Number of protein chains: 2
Amino acid sequence: MDADAVIDHEAPTPVYAQLAAILRARIERGDWQPGRRIMSEAQLVQAYGLARETTRKAVRVLIEEGVLFTVPGRGTFVTDDGETAE
Amino acid sequence: MDADAVIDHEAPTPVYAQLAAILRARIERGDWQPGRRIMSEAQLVQAYGLARETTRKAVRVLIEEGVLFTVPGRGTFVTDDGETAE
DNA sequence: AGTGATTTGTTCGTATGTATT
DNA sequence: TAATACATACGAACAAATCAC
């Protein structure tokens with residue numbers, strides 16, 4: 001299931017969870033390679049038409065999954081493994 | 001439309017059951033599609049002139065029937081199944 | 001040196017939902 | 001009936017880290 005890549009504000013699934021699924025799919029698809037930087041928060045806001053805090057929460061979900069990690073002043077990056085961080 | 005679209009406080013049928021029947025009919029009629037959000041509790045209260053707990057009890061009935069489900073912070077939604085068995 | 005742009009981090013406020021007491 | 005709590009979503013503002021010039 002490759003998540004429509006479109007946010008549905010009326011769906012029961014929270015918007016941040018929808019975005020997290022979209023980003024997860026894009027990473028698994030290879031849009032962003034391990035160790036590479038993904039879109040900035042501002043770009044996510046622009047691209048998906050969401051509030052910044054909503055995009056941040058989506059990113060936070062993937063961080064907790066070990067898929068992403070952030071560096072203040074630098075950006076948000078894909079974990080080298082893609083899943084478990086040893 | 002239907003006569004049962006109006007709450008009768010004098011009828012032997014409990015008000016919450018009447019509302020549950022009304023909502024069930026509206027869903028079967030397609031007023032709210034599967035996966036879509038129905039009116040909020042506040043809107044139900046406003047629309048049918050009932051106490052909040054009464055509307056919640058009506059919703060609870062439909063939840064137990066598997067027709068509705070709630071998501072905190074999101075709303076009350078129509079269950080996806082019912083049409084396609086899979 | 002320092003200045004500004006970019007990016008993440010943080011903290012407020014507002015609004016709408018359901019859940020609980 | 002009322003109050004409180006919790007979850008979601010948007011908006012605004014400011015700080016801190018980084019980078020380019």
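Naming convention: chains lettered A, B, ... in sequence-line order (proteins, then strands); numbering from 1 in each chain. These numbers come from the heavy atoms of this one structure, side chains and all, not from hydrogens, waters or symmetry mates. Computed from a predicted structure; not experimentally measured.
- With sequence neighbours left out, the ring pair (Phe, Tyr, Trp, His ring centres under 6.0 Å) criterion links B/Phe77 to B/Phe69.
- One hydrophobic cluster, built from ILVMFWY side chains closer than 4.5 Å, holds both B/Ile7 and B/Val59.
- Once rounded to the nearest 0.5 Å, the distance linking CG of B/Leu44 with CG of B/Leu50 reads 8.5 Å.
- Residues forming a side chain to side chain contact (heavy atoms under 4.5 Å, CB included) with A/Ala17 (at least two apart in sequence, or on another chain): A/Thr13, A/Pro14.
- With sequence neighbours excluded, the residues satisfying side chain to side chain donor-acceptor pair (under 3.5 Å) with B/Arg52 are B/Glu41.
- With axes fitted over five pairs at each extremity, the angle between the ends of the helix from C/dG2-D/dC21 to C/dT21-D/dA2 is 20° (10° resolution).
- Judged by closest nucleotide on DNA chain D, B/Pro72 is the one of B/Pro72 and A/Arg74 placed further toward the 5' end.
- From A/Thr76, atom OG1 reaches atom CG of A/Leu23 across 10.0 Å, with rounding to the nearest 0.5 Å.
- Rounded to the nearest 0.5 Å, atoms OG1 (B/Thr55) and CG (B/Leu19) are 7.0 Å apart.
- At least one donor-acceptor pair closer than 3.5 Å links the side chain of B/Thr79 to the backbone N or O of B/Gly66.
- Taking the nucleotide of DNA chain D with the nearest heavy atom to each of A/Gly73 and A/Thr13, the more 5' of the two is matched to A/Thr13.
- Inter-residue side-chain proximity for A/Leu62 and A/Arg24 is flagged as met; some heavy-atom pair is nearer than 4.5 Å.
- Residues meeting the salt bridge (Lys or Arg N to Asp or Glu O under 4.0 Å) test with B/Glu28, sequence neighbours left out: none.
- For A/Glu53, the side chain to side chain contact (heavy atoms under 4.5 Å, CB included) partners at least two apart in sequence or on another chain are A/Arg56, A/Arg60.
- Residue pairs meeting the ring-ring contact (aromatic ring centres under 6.0 Å, His included) criterion with at least one member in residues 12-66 of chain A: none, sequence neighbours excluded.
- Note that the first and last nucleotides of DNA chain C, 5' to 3', having any atom under 4.0 angstrom from a heavy atom of chain A are C/dT7 to C/dT11.
- A 4.0 Å heavy-atom criterion places the boundary nucleotides of DNA chain D facing chain A at D/dT8 to D/dC19, written 5' to 3'.
- By the salt bridge (Lys or Arg N to Asp or Glu O under 4.0 Å) test, B/Arg36 pairs with A/Asp8, sequence neighbours left out.
- For DNA chain D, the residues of residues 43-63 of chain B within the heavy-atom distance limit of 4.0 Å (strictly under) are B/Arg52, sorted by number.
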